[in-house]
Student: 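After the structure tokens below, expect a handful of questions from me.
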Protein chains: 2
Amino acid sequence: MAAPGLRERRRRQTMAEISEAALTLFEERGLEAATVDDIAEAAGISQRTFFRYFAAKEDAALPAHREFEDAVEAGLGQADPEADPCEELGKVYGRALQAFADNASAASQRMLRVSRLLRREPLLRAALVRHSAARNARLFQALAAKFAGPQADDLQLRVAVELCTGLARAAFDTWTERLEAGRPARLPEIFVDAQDAAQRVRTAF
Amino acid sequence: MAAPGLRERRRRQTMAEISEAALTLFEERGLEAATVDDIAEAAGISQRTFFRYFAAKEDAALPAHREFEDAVEAGLGQADPEADPCEELGKVYGRALQAFADNASAASQRMLRVSRLLRREPLLRAALVRHSAARNARLFQALAAKFAGPQADDLQLRVAVELCTGLARAAFDTWTERLEAGRPARLPEIFVDAQDAAQRVRTAF
DNA sequence: TGCCAATATGGCAGTATCTGCCATATTGGC
DNA sequence: GCCAATATGGCAGATACTGCCATATTGGCA
């Protein structure tokens with residue numbers, strides 16, 4: 001990708017400022033008490049402009065997740081079509097989670113803020129799912145298209161997608177909770193542990 | 001539980017009528033195009049009364065899921081605390097899904113209508129998650145409390161809950177899709193197949 | 001450099017969701 | 001048959017979001 005251009009850079013900058021303002025206000029006042037007007041004012045823009053950057057109030061807290069899911073989708077595009085689809089999906093998630101290997105990094109700190117909000121704001125969780133639903137459907141389609149063959153049973157692939165997204169969710173939640181409790185936690189390791197835990201659950205069936 | 005009383009019966013009746021009207025309008029016009037005023041008028045009540053029965057527009061389509069999740073939660077309360085928690089959770093879900101064993105039953109038909117809507121309305125999926133988030137947290141707490149012990153690792157239980165809810169979701173989706181495509185499908189069997197599918201996914205990692 | 005087209009922003013009116021408040025009606029128990 | 005509890009309706013208001021138009025800023029090009 002060439003030079004992003006001044007307009008594009010400015011756009012990203014503004015979006016980041018809005019998101020930062022939204023995150024702060026959500027943390028301080030709660031998701032519902034913080035109004036779009038508050039956020040817009042804190043970010044130095046009008047309400048109308050806010051909705052040109054984010055389609056809904058809650059979305060302003062979720063660009064970090066959007067980027068993560070973009071990374072998963074992009075990673076899947078480069079997966080080996082010959083290998084086992086479920087295994088490839090697990091690897092792709094594992095690699096994407098490496099972006100949060102260092103708890104002190106800016107990316108991790110930002111993701112942790114959102115994760116904490118997600119834990120106490122069901123509405124935010126719902127907003128996340130609203131986008132993830134469409135994305136998971138695409139993921140499912142991509143998997144089915146890429147790995148067309150005898151193993152491409154619809155239920156099998158659907159379960160693989162549900163399992164991986166569920167494991168990622170569980171890993172994020174556990175990571176956030178343990179750090180909040182002052183315990184050590186590293187996301188990639190937790191994801192591996194979650195995979196092991198899933199193994200044990202299956203054998204229990 | 002004694003006689004429900006006239007008031008309670010009437011309340012259930014009204015709620016069912018609102019839900020029926022909402023479901024029909026959502027199917028005909030789509031979730032966003034159908035307004036609360038439309039639904040209220042079709043159900044013969046005022047808008048204000050609608051919001052006394054359902055906290056949000058989308059909720060009017062979801063009492064079937066609410067009942068299902070109530071059944072899961074109740075079933076878990078009666079689970080054997082000595083047994084393996086993950087196995088018990090799987091059994092509880094399996095039993096709850098038996099309510100939809102007969103595709104022609106009223107319960108199945110109603111659930112199928114909602115499931116079809118869920119497939120094409122991400123907003124409805126989001127509304128469902130909004131409630132399920134709190135419920136899953138309770139499920140997790142209940143599991144942890146009931147099966148306190150060395151095996152009650154937080155990550156392990158979280159994964160079990162995510163896995164079971166994910167499998168149930170995959171089973172519902174597959175059930176709905178296959179029936180829509182004119183293929184035979186029976187929900188309890190699909191859930192068992194989903195458990196088997198999960199077995200295969202784990203070995204993939 | 002200066003102009004033009006593209007794009008970003010703001011303001012404003014309008015719709016829809018959802019809530020609080022009060023008045024009225026219906027209901028269940030004594 | 002009366003009284004308290006509860007259900008309902010109407011209305012005003014807050015907030016989320018959208019369409020439309022006017023204005024300003026920007027990037028490319030002569």
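A, B, ... follow the sequence lines: proteins, then strands. Residue 1 opens every chain.
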Student: With both distances under 3.5 Å as the test, what is the Watson-Crick or G-U wobble partner of C/dG29?
Tutor: D/dC2

Student: What is the base-pairing partner of D/dA30, counting Watson-Crick and G-U wobble geometry with both distances under 3.5 Å?
Tutor: C/dT1

Student: Applying the Watson-Crick and G-U wobble criteria at under 3.5 Å, what pairs with D/dC17? Answer none if nothing qualifies.
Tutor: C/dG14

Student: Tell me which nucleotide among D/dT15, D/dC17, D/dT8 gets nearest to the side chain of A/A56.
Tutor: D/dC17

Student: Going by the angle between their ring planes, with limits at 30° and 60°, are B/F172 and B/F100 parallel, tilted or perpendicular?
Tutor: perpendicular

Student: Going by heavy atoms in the side chains, are A/H131 and A/H65 under 4.5 Å from each other?
Tutor: no

Student: I'd like to compare against my own output: the B/S/- annotation of nucleotides 19-30 of chain C with a strict under-4.0 Å heavy-atom distance to protein.
Tutor: BBB----BBS--

Student: Answer yes or no: is there a side-chain heavy-atom contact under 4.5 Å between A/L117 and A/L31?
Tutor: no

Student: Within 45 degrees of the ring normal and closer than 6.0 Å to the centroid, is that where the cationic atom of B/R113 sits relative to B/F26?
Tutor: no

Student: Searching all strands shown, indicate the nucleotide that pairs with D/dT8 (Watson-Crick or G-U wobble; both distances under 3.5 Å).
Tutor: C/dA23

Student: Going by heavy atoms in the side chains, are B/M15 and B/R12 under 4.5 Å from each other?
Tutor: no

Student: Measure from NZ or CZ of B/R11 to the centre of the six-membered ring of B/Y53 and say whether it is under 6.0 Å with the direction within 45° of the ring axis.
Tutor: yes

Student: Any side-chain N or O of A/Y53 under 4.0 Å from OP1/OP2 of C/dA8?
Tutor: no

